[in-house]
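Just the heavy atoms: all of them, side chains too, but no hydrogens, waters or symmetry mates, feed the values below.
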Amino acid sequence: MKKEIDDTFRAVIKRTGLKRKMSGTKRAGRILLIAAAVAACGAVTAAASGINLGSLFRGYFERSDPNGANGAKPAVSLTESQVETLNKSGAVLNQSVTDKGTTVTVKAAVGDKSGAYILLDAIAPEGTVLDEDKYEFEDMPINFNNIADNKSGSASWDISTQKDDNPNDNKISFVIRISCAGIDLQNREIGLTLKNLSVPTGKLTLRPIAEGEWKFHLKLNYYTFTKKVEMDKVTHFKDNYCTIQTVEISSLSVNIIYTNPKPYTGPIPESPDLMILFKDGTQKKILPGPGTGSKENSTMTYQFSTPLDFDKIEKITVGDVEIPVK
């Protein structure tokens, strides 16, 4: 897969006349956000570049299990419809930064309002062999732009090492997955900093392989259609209930805005699970991801492990309420 990414990307750069942009210069993170400011840098949509982003990201989604882990063997096989969905949901980013002999290139992103998947690779100095199964960066902070002072949201992110078809060379690829609630990622400017390419040596310990700091100013210039449904329906789950006010659904995620019962005392209960029931009789449970809000009102994000093929879905439920998908 790595060779396919490299060859395809070089062809796209040549075809579109793009030039690599140089700039000055982990593990999962979760933050509450108020405001941030980072300079912007343009991106090129998949349609304009001629690249099939679905093909580039296919390996990541085919190896992702429902909880987001990235395994060595494919867990699912994407349909051509799902691949095309990814292709229409992304942008070429094309930024490279070199520090202390190691070059990191952020290549492309796919996503929707609530989630983004960012493809990047690292090329260590000549003579370095990147043959471990898993690599991470010692630190991986992300800053989000254009958030109003009176608005907050939540975000989490993680990074997965991609399958390496040539483990004896000095190159490795990654996908960063970002999940948000209360933040629209589409067309958003973000600041990404990566520090010290490392190998995990324990649960909380890392061994540096290539030291450096790589800073990027990225614009997630993609668009994925999101259907908004006003519901105002009560759903029951886990001995609790809430009123679903609004649902935003795309091929990659569902955002649910709901109100909790009033008056409400005690800790906020767990959010309901989301169930996808397919026409072939199978079903998949999607666990809630990032959330934001108060004891009265909340927003919860459910991110799918693979793009939804709506033609194969019978229905989607939250608690005992069905969400319209057509």
Looking at every non-hydrogen atom in both residues, tell me the closest pair between [X] and [Y] and how far apart they are.
X: Tyr222; Y: Asp112; result: OH-O, 2.9 Å
X: Leu53; Y: Asn87; result: N-OD1, 2.9 Å
X: Leu185; Y: Ala116; result: CD1-N, 3.7 Å
X: Phe304; Y: Ser250; result: CE1-O, 3.6 Å
X: Met300; Y: Tyr258; result: CB-CE2, 4.1 Å
X: Ile118; Y: Ala109; result: CG1-CB, 4.1 Å

For this session: With side-chain hydrogen bond (donor to acceptor under 3.5 Å, both in side chains) as the test, would you mind laying out the steps for Glu62 and Ser77 before giving the verdict?
Result: CA-CA 6 Å; Glu62 288 189 336; Ser77 294; 4.7 Å; no
Cluster overlap [X] with [Y], hydrophobic side-chain contacts below 4.5 Å:
X: Val325; Y: Met231; value: yes
X: Met275; Y: Ile286; value: no
X: Phe225; Y: Leu308; value: no
X: Val247; Y: Ile313; value: yes
X: Val76; Y: Leu277; value: no

Under 4.0 Å between a Lys/Arg side-chain N and an Asp/Glu carboxylate O for [X] and [Y]?
X: Glu138; Y: Arg207; value: no
X: Glu248; Y: Lys113; value: yes
X: Lys107; Y: Asp121; value: yes
X: Glu136; Y: Lys134; value: yes

Nearest-0.5 Å distance, [atom1] of residue [X] to [atom2] of residue [Y]:
X: Ile183; Y: Phe144; atom1: CD1; atom2: CZ; result: 5.5 Å
X: Leu274; Y: Ile323; atom1: CG; atom2: CD1; result: 5.0 Å
X: Lys219; Y: Leu93; atom1: NZ; atom2: CG; result: 12.0 Å
X: Arg177; Y: Ile159; atom1: CZ; atom2: CD1; result: 12.0 Å
X: Lys227; Y: Phe310; atom1: NZ; atom2: CZ; result: 8.5 Å
X: Thr299; Y: Ile257; atom1: OG1; atom2: CD1; result: 4.5 Å

Are side-chain heavy atoms of [X] and [Y] found at a separation under 4.5 Å?
X: Lys284; Y: Ser305; result: yes
X: Phe61; Y: Gln82; result: no
X: Thr235; Y: Cys242; result: yes
X: Leu119; Y: Val175; result: yes
X: Trp157; Y: Ser179; result: no
X: Lys88; Y: Thr224; result: no
X: Phe57; Y: Val83; result: no
X: Leu120; Y: Leu194; result: yes

Exercise. Would Arg58 and Leu86 count as a side-chain contact (heavy atoms from CB on, under 4.5 Å) if you check the C-alpha gap in whole Å, the side-chain angles of each, and the deciding distance to 0.1 Å?
Worked result: CA-CA 8 Å; Arg58 183 173 198 156; Leu86 291 173; 5.7 Å; no
Sidechain-backbone polar pair: [X] side chain, [Y] backbone, donor-acceptor under 3.5 Å:
X: Trp214; Y: Thr102; value: yes
X: Thr301; Y: Cys180; value: yes
X: Ser154; Y: Gly291; value: yes
X: Asn170; Y: Ala124; value: yes
X: Gln162; Y: Ser173; value: no
X: Glu84; Y: Ser81; value: no
X: Asn196; Y: Gly212; value: yes

Problem set entry | Partner residues of Asp280 under the side chain to side chain donor-acceptor pair (under 3.5 Å) criterion, sequence neighbours left out |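 If we apply the side chain to side chain donor-acceptor pair (under 3.5 Å) test to Asp280, skipping adjacent residues, the hits are Thr282.
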For this session: Applying side chain to side chain donor-acceptor pair (under 3.5 Å), name anything that partners Thr85, two or more places apart in sequence or on another chain.
Result: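 With neighbours one apart ignored, the set is empty.
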Exercise. Stepwise, does the side-chain contact (heavy atoms from CB on, under 4.5 Å) test hold for Ile172 with Asp164?
Worked result: CA-CA 7 Å; Ile172 196 70; Asp164 190 354; 3.6 Å; yes
Does a donor on one side chain and an acceptor on the other come within less than 3.5 Å for [X] and [Y]?
X: Thr317; Y: Glu322; result: no
X: Ser114; Y: Asn255; result: yes
X: Thr98; Y: Thr103; result: yes
X: Ser96; Y: Thr105; result: yes

For this session: Test ring-ring contact (aromatic ring centres under 6.0 Å, His included) on Tyr117 and Tyr60 and set out the steps.
Result: CA-CA 9 Å; Tyr117 303 86; Tyr60 170 82; 5.6 Å; yes
Problem set entry | Parallel, tilted or perpendicular: rings of Tyr241 and His236 (30°, 60°) |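 If you compare the ring of His236 with that of Tyr241, the planes turn out tilted.
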Problem set entry | Working for side-chain contact (heavy atoms from CB on, under 4.5 Å), residues Phe237 and Val318 | CA-CA 8 Å; Phe237 60 96; Val318 176; over 6 Å; no
For this session: Taking atom CG of Asp133 as the centre, report whether more than 12 heavy atoms of other residues, nucleotides or ligands fall under 6.0 Å from it.
Result: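 12 or below, so no.
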Problem set entry | Test log, rule side-chain contact (heavy atoms from CB on, under 4.5 Å), inputs Leu287 and Asp273 | CA-CA 5 Å; Leu287 302 178; Asp273 294 334; 3.8 Å; yes
Exercise. Would a line drawn from the ring center of Phe174 to the ring center of Tyr135 be shorter than 6.0 Å?
Worked result: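 No - the distance between ring centres of Phe174 and Tyr135 does not fall below the 6.0 Å cut-off.
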